[in-house]
Amino acid sequence: MKLARAFFARDSRLVAPDLLNKVLVAGDGRRGRIVEVEAYAEDDPAAHTYGGQTPRNASMFGPAGHLYVYRSYGIHWCANIVCAAVGSGAGVLLRALEPLDGLPLMRAARPLARSDRDLCRGPGRLSQAMGITGDDDGADLLARAARFRLLDDSTPPPADAHAHATPRIGISKAVDQPWRWIVPGNRFVSRG
DNA sequence: CGGGCGATACCCT
DNA sequence: GGGTATCGCCCGA
């Protein structure tokens with residue numbers, strides 16, 4: 001079933017752990033279970049929005065439940081889900097998915113992946129596997145004809161799949177905040 | 001399967 | 001012009 005707007009319109013640090021085990025669905029049938037996320041909050045020195053609104057990060061200041069997609073290291077696309085109230089500049093970075101469906105399409109989208117474990121393990125990888133690009137920046141996950149949607153299907157919700165908090169990865173500021181959540185022991189998490 | 005390393009182009013200062 | 005919310009390749013276990 002589909003998640004309501006109110007689910008996203010909360011503090012990103014509350015939304016992030018709740019996103020674990022939710023299912024990201026592409027219109028062409030590709031599906032993945034979220035197993036790793038990071039929260040970026042309002043007034044968070046590590047957030048792209050910390051210095052204020054620019055053309056690049058504008059969608060992060062928009063309504064909750066939309067995508068904020070940015071280019072990382074000039075090469076990769078990374079996808080966030082916008083959270084909280086309009087103007088907050090907060091969101092949740094999707095860091096890893098467990099591939100559930102549409103594996104042939106994912107493999108075709110990621111010809112360099114050595115194994116299925118590497119299809120969606122990492123924010124750049126999962127965007128490539130699912131087909132998320134800069135064109136999807138600002139897209140509403142709750143729109144009727146959305147290319148990407150988020151479902152509460154939790155196909156098999158494993159018994160041990162509760163959230164575990166750890167420090168965020170790849171940042172240089174606010175490194176001690178434990179705002180990265182993983183499904184403990186899941187082999188599709190980027191770093192155990 | 002985990003760690004080290006170099007490449008990449010876009011955006012904002 | 002500098003820094004970047006990363007990836008793929010290579011190596012050794």
Side-chain angles (χ1 to χ4, degrees), chain A residues 8 11-17 19-20 24 32 34-62 64 66-84 88-99 106-139 141 148 150 163-192:
Chain A
F8 303 101
D11 189 294
S12 59
R13 291 159 292 191
L14 298 177
V15 177
L19 280 172
L20 294 180
L24 182 65
I34 297 173
V35 296
E36 177 182 355
V37 294
E38 279 178 3
Y40 288 86
E42 190 169 14
D43 298 322
D44 175 359
H48 285 175
T49 51
Y50 189 61
Q53 186 168 340
T54 68
R56 179 211 196 193
N57 63 25
S59 54
M60 191 88 131
F61 287 95
H66 290 237
L67 288 175
Y68 162 53
V69 182
Y70 68 93
R71 208 187 257 293
S72 178
Y73 289 86
I75 313 166
H76 311 103
W77 296 110
C78 296
N80 296 255
I81 299 176
V82 180
C83 293
S88 302
V92 175
L93 172 68
L94 302 179
R95 285 200 55 95
L97 308 177
E98 176 173 345
M106 293 186 189
R107 296 187 192 108
R110 290 189 32 72
L112 297 180
R114 291 191 156 275
S115 75
D116 288 351
R117 183 173 179 248
D118 290 338
L119 285 177
C120 301
R121 190 174 57 113
R125 290 167 175 164
L126 80 85
S127 296
Q128 193 176 21
M130 292 294 285
I132 301 173
T133 71
D135 288 344
D136 300 300
D137 182 42
L141 293 170
F148 296 98
L150 202 51
H164 180 247
T166 71
R168 295 179 289 187
I169 293 178
I171 55 171
S172 55
K173 296 163 192 162
V175 292
D176 290 334
Q177 302 297 346
W179 294 344
R180 167 178 176 259
W181 283 270
I182 63 175
V183 174
N186 186 283
R187 73 188 224 96
F188 296 95
V189 168
S190 74
R191 201 192 292 181

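Side-chain atoms are counted along with the backbone in the values below, which use heavy atoms only and exclude waters and symmetry mates. Per chain, numbering begins at 1; letters A, B, ... match sequence-line order.
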For nucleotides 2-4 of chain B, give me every protein contact, N/O to N/O, under 3.5 Å, one pair per line with atom names.
none

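- Within the nucleic acid shown, A:Asp118 has no heavy atom closer than 4.0 Å to any nucleic acid atom.
- A:Glu38 has a carboxylate O that lies under 4.0 Å from a charged side-chain N of A:Arg95, or vice versa, which qualifies the two as a salt bridge.
- In this entry the distance linking CD of A:Gln177 with C1' of C:dA5 reads 15 Å, nearest Å.
- At a cut-off of 3.5 angstrom, counting only N and O atoms as typed in the model, there is no donor on one side facing an acceptor on the other between the side-chain of A:Tyr73 and the base of B:dA9.
- Which of C:dT6, B:dC12, C:dC9 sits closest to the side chain of A:Ser72 comes down to C:dT6.
- The listed nucleotides are C:dA5, C:dC9, B:dC11; the one nearest the side chain of A:Arg56 is B:dC11.
- Where A:Lys173 and A:Pro123 meet DNA chain C, the nucleotide closest to each residue was compared, and A:Lys173 sits on the side nearer the 5' end.
- The distance between atom CG of A:Asn57 and atom C1' of B:dC10, rounded to the nearest whole Å, is 14 Å.
- The side-chain heavy atoms of A:Gln53 and A:Asn57, taken from C-beta on, include a pair separated by under 4.5 Å.
- By the 4.5 Å heavy-atom criterion applied to side chains, A:Trp77 and A:Leu126 are not counted as neighbours.
- Under the 6.0 Å cut-off for aromatic ring centres, A:His48 and A:Tyr40 do not qualify, their centroids lying 6.0 Å or more apart.
- Protein atom CG of A:Leu119 is 14 Å distant from nucleotide atom C1' of C:dG8, rounded to whole Å.
- Across the protein-nucleic acid pair, A:Leu112 atom CG and C:dC10 atom P stand 12 Å apart, rounded to whole Å.
- Distances shown here put every side-chain N or O of A:His76 at or beyond 4.0 Å from the OP1 or OP2 atom of C:dC7.
- Taking atom CD1 of residue A:Ile75 and atom P of nucleotide C:dT4, one finds them 15 Å apart after rounding to whole Å.
- For the pair A:Asn80 CG and C:dT4 C1', the computed distance is 14 Å after rounding to whole Å.
- Contact check on A:Asp118 versus A:Arg110 returns no salt bridge, with no Lys/Arg side-chain nitrogen under 4.0 Å from an Asp/Glu carboxylate oxygen.
- Where A:Arg125 and A:Tyr70 meet DNA chain C, the nucleotide closest to each residue was compared, and A:Tyr70 sits on the side nearer the 5' end.
- Consecutive pairing runs in DNA chain C reach the stem threshold at B:1-7 with C:6-12, B:9-12 with C:1-4, where a stem means at least three Watson-Crick or G-U wobble pairs with distances under 3.5 Å.
- Across all strands, A:Ala113 comes closer than 4.0 Å to no nucleic acid atom at all (heavy-atom distances).
- Not one N or O on the side chain of A:Ser88 forms a donor-acceptor pair closer than 3.5 Å with the backbone of A:Ala90.
- An OP1 or OP2 oxygen of B:dC12 is reached within less than 4.0 angstrom by a side-chain nitrogen or oxygen of A:Thr54.
- Residue contacts shown for A:Arg95 are limited to sugar-phosphate atoms, with no base heavy atom under 4.0 Å away.
- Across B:dC11, C:dA5, C:dC7, the shortest atom-to-atom separation from the side chain of A:Met60 is found for C:dA5.
- Contact check, A:Arg71 against C:dA5: no side-chain N or O comes under 4.0 Å of OP1 or OP2.
- A:Arg187 comes within 4.0 angstrom of the backbone, heavy atoms only, and of no base.
- Counted by atom type alone, A:Arg121 and A:Ser190 present zero donor-acceptor pairs between their side chains at under 3.5 Å.
- With hydrogens and angles ignored, the 3.5 Å screen pairs no side-chain donor or acceptor of A:His66 with any backbone N or O of A:Val82.
- Under the ring pair (Phe, Tyr, Trp, His ring centres under 6.0 Å) criterion, A:Phe61 pairs with no residue, sequence neighbours left out.
- Using a 4.0 Å cut-off, no side-chain N or O of A:Ser172 falls inside it from OP1 or OP2 of C:dG3.
- Annotation: side chain of A:Val175 is not in contact with side chain of A:Pro167 (no heavy-atom distance under 4.5 Å).
- In this structure, CD of A:Glu38 is placed 15 Å from P of C:dT4, rounded to the nearest angstrom.
- A straight line from CD of A:Gln128 to C1' of C:dG8 spans 11 Å, rounded to a whole angstrom.
- Side chain of A:Asn80 to backbone of A:Tyr68: a donor-acceptor contact under 3.5 angstrom is found.
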